[in-house]
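Each remark here refers to the structure printed beneath this line.
For reference, positions follow the sequence shown, starting with 1.
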Amino acid sequence: MDAPVELAARVKEIKASPTLAVDAKAKALKAEGADVLNFSVGEPDFDTPAHVREAGKEAIDQGFTRYTPVPGILPLRQAVCDRMVADHGWHYQPDQIQVSCGGKHGLYNMAQALFGPGDEVLVPAPYWVSYPPIIQLAGATPVIVPLDEKSDFDLDPAVLARYATAKTRGIILNSPSNPTGSVLSARALAAIGELALERGWVVISDDIYDTIVYGGGKLPHILDVDPRLAQRTLILNGVSKSFAMTGWRIGYTAGPKHIIAAMNKIQSQATSNPSSVAQKAALAALTGPQDFPRAMRDAFLPRLDFIIGALTAIPGVSCVRPRGAFYVFPNVSAYFGKKSSSGKVINDSVSLADYLLEEALLATVPGAAFGADQFIRFSFATSMEILEAGMQRLAKALAGLS
Ligand SMILES: *Cc1c(COP(=O)(O)O)cnc(C)c1O
């Protein structure tokens, strides 16, 4: 037999992360010498703070290089509990915390522990690219609930009710959202909480951007809707975005003890503990000064003002102003159906993103990757210089379509 080895059915069902794919293509063009401006990256353009890097180096030098407990070292889980109380007033014990190999892995562990064939999980769209495949890899079915740009991508309770069935097991929330930067209103959260309690759903709240928020006031949160929801809510967070630590791979989940225990069982057979060295660095991040995320937010704000102004000045482009995170998600569908001077037809977000990359050397992520084809995503976690040059190229490239 010399036919290629057959792959498992589950892997044929899913696609590789499209955001990482665009990033790879942009980097390849750049390596060939092309002057690519990259707006596709989903990470802060800051270095990990010095005291956190030092803690990582110390961990290496002190020989903290062996296996740790599967759910993470106790001081780190305690530090997560302390932050939850200090930042939100939520009370967790260390056995209600799992530290995982990045936030994405926490979601993977949750899905493996909670969902299986026949289960439906509600995913509001635009969604983060990894939610549907993570649900599918557990054998369950993602059910996409559309959000409307006209209501700032808030969830409409009436729409939610239409997508809920007897098979619904839970819902994934992401506020502030990647890719829209929108936040869920107290009204939407109240409706979700009511349905969750009535029908026994689990609520997964991906709070990874909760330190990068523009404008004052506490964000509405599902846990503040009804204290009973703590029994059926998993909070996902991590240091990737808040402390510019994407490469260290540390995320964490807080939730009911029996679910965390099930997730630990999965993790124990899949990865064992997250990196010991990275755990020490994350401990320094969570227990040290907390001004870094705020300084990053303050640096992002003028960039946000600039990019929103530049985008909405382009004919036909609309863009909801994000309330958190570091992405804008403009609606570019007015350009669908047009043609470039070289004859390339733009018919959807993928062909537009391709056109922008090939002809304007602008790397963006097509909205189709987030379940919203009328849009494209720009990250503004990049320098003002690049933002200015990028927006000029964008305006010119779009003006070149007819
Ligand atoms: C970045 C991100 C995460 C977590 O990323 P990790 O690098 O795995 O920690 C989770 N959710 C969303 C929406 C994100 O953008």
Side-chain angles (χ1 to χ4, degrees), residues 20 41-88 90 92-110 112 130 206-212 234-255 257 260-261 263-297 299 381:
L20 298 180
V41 242
E43 62 186 348
D45 61 328
F46 285 78
D47 289 330
T48 303
H51 71 281
V52 175
R53 301 199 304 264
E54 279 312 314
K57 287 186 223 169
E58 256 171 49
I60 294 174
D61 290 340
Q62 291 172 357
F64 195 74
T65 53
R66 298 199 158 86
Y67 290 133
T68 76
V70 166
I73 54 175
L74 184 59
L76 179 53
R77 284 180 288 138
Q78 184 61 55
V80 170
C81 295
D82 294 347
R83 286 253 64 81
M84 292 271 173
V85 181
D87 298 344
H88 304 282
W90 302 331
Y92 288 95
Q93 299 299 320
D95 61 4
Q96 295 182 281
I97 308 294
Q98 178 187 70
V99 181
S100 52
C101 308
K104 188 183 280 183
H105 183 225
L107 286 163
Y108 185 85
N109 287 337
M110 279 176 214
Q112 293 291 318
S130 292
D206 179 347
D207 295 357
I208 202 93
Y209 293 105
D210 71 349
T211 57
I212 306 172
L234 289 162
I235 305 291
L236 179 83
N237 213 320
V239 291
S240 293
K241 310 295 159 58
S242 51
F243 284 90
M245 291 177 70
T246 45
W248 296 81
R249 310 308 304 133
I250 295 291
Y252 46 83
T253 302
K257 199 169 142 179
I260 297 296
M263 289 170 60
N264 290 341
K265 202 151 100 176
I266 301 279
Q267 179 154 290
S268 78
Q269 298 295 10
T271 60
S272 302
N273 58 277
S275 154
S276 59
V277 170
Q279 288 187 61
K280 284 284 195 177
L283 177 61
L286 295 183
T287 55
Q290 296 299 301
D291 47 2
F292 181 80
R294 199 167 316 126
M296 212 161 45
R297 190 267 321 265

query = Are the side chain of Arg53 and the backbone N or O of Thr48 linked by a donor-acceptor pair below 3.5 Å?
reply = yes

ask   = So, do Phe243 and Pro49 sit near enough that their side-chain heavy atoms are less than 4.5 Å apart?
value = yes

Which side-chain N or O atoms in residues 56-71 pair as donor and acceptor under 3.5 Å with protein atoms at least two apart or in another chain?
unit_1 : atom_1 : unit_2 : atom_2 : d
Lys57  : NZ     : Glu54  : OE2    : 3.1
Thr65  : OG1    : Gly63  : O      : 3.4
Thr68  : OG1    : Gln279 : NE2    : 3.0

Nearest heavy-atom neighbours spanning Lys280 and Ala55 = O-CB, 3.9 Å

inquiry  = Ignoring hydrogens, what is the shortest heavy-atom contact between Cys101 and Gln267? Give both atom names and the distance.
reply    = N-OE1, 4.4 Å

ask   = Can you tell if the side chain of Leu286 reaches within under 4.5 Å of the side chain of Tyr252, non-hydrogen atoms only?
value = yes

query = With a 4.5 Å limit on heavy-atom distance, are the side chains of Val99 and Arg77 in contact?
reply = yes

ask   = What's the shortest heavy-atom distance between Pro274 and Ile250, and which atoms?
value = CB-CD1, 3.8 Å

task = Indicate yes or no: at least one non-hydrogen side-chain atom of Arg83 is less than 4.5 angstrom from one of Trp90.
result = no

query = Could you give the distance from CG (Asn264) to CG (Asp95), rounded to the nearest 0.5 Å?
reply = 9.5 Å

task = Answer whether the closest heavy-atom distance between the side chains of Gln93 and Lys257 falls below 4.5 Å.
result = no

task = Flag the pair Gln78 / Cys81 as yes when at least one side-chain heavy-atom distance between them is below 4.5 Å, and no otherwise.
result = yes

ask   = Once you round to the nearest 0.5 Å, how far does CG of Leu76 lie from OG1 of Thr287?
value = 9.0 Å

ask   = Looking only at heavy atoms, what is the nearest atom pair of Leu74 and Pro94, with distance?
value = CD1-CB, 3.5 Å

message = For the CG atom of Asp207 and the CG atom of Asn237, what is their distance to the nearest 0.5 Å?
response = 5.5 Å

key: Straight-line distance of His105 NE2 to Gln98 CD, nearest 0.5 Å   = 7.0 Å

ask   = Taking atom CG of Asp291 and atom CZ of Arg297, what is their separation to the nearest 0.5 Å?
value = 12.0 Å

request  = Could you tell me the separation between the CG atom of Asp82 and the CG atom of Asp87, rounded to the nearest 0.5 Å?
outcome  = 10.0 Å

query = How close do Ala254 and Met84 get, heavy atom to heavy atom, and via which atoms?
reply = CB-CE, 3.9 Å

inquiry  = Could you report the tightest heavy-atom contact between Met296 and Pro44, atom names first, then the distance?
reply    = SD-CB, 3.7 Å

inquiry  = Contact between Thr253 and Gln96 at the side-chain level, heavy atoms closer than 4.5 Å - yes or no?
reply    = no

key: CA sep, side-chain torsions, deciding dist, call: Ser100, Arg249, side chain to side chain contact (heavy atoms under 4.5 Å, CB included)   = CA-CA 8 Å; Ser100 52; Arg249 310 308 304 133; over 6 Å; no

query = Using the ring of each side chain (for Trp, its six-membered ring), is Phe292 parallel, tilted or perpendicular to Phe46, with breaks at 30° and 60°?
reply = perpendicular

ask   = Under the side chain to side chain donor-acceptor pair (under 3.5 Å) test, which residues partner His88, sequence neighbours left out?
value = Asp210

ask   = Is there a side-chain contact between Tyr92 and Val80 (heavy atoms, below 4.5 Å)?
value = no

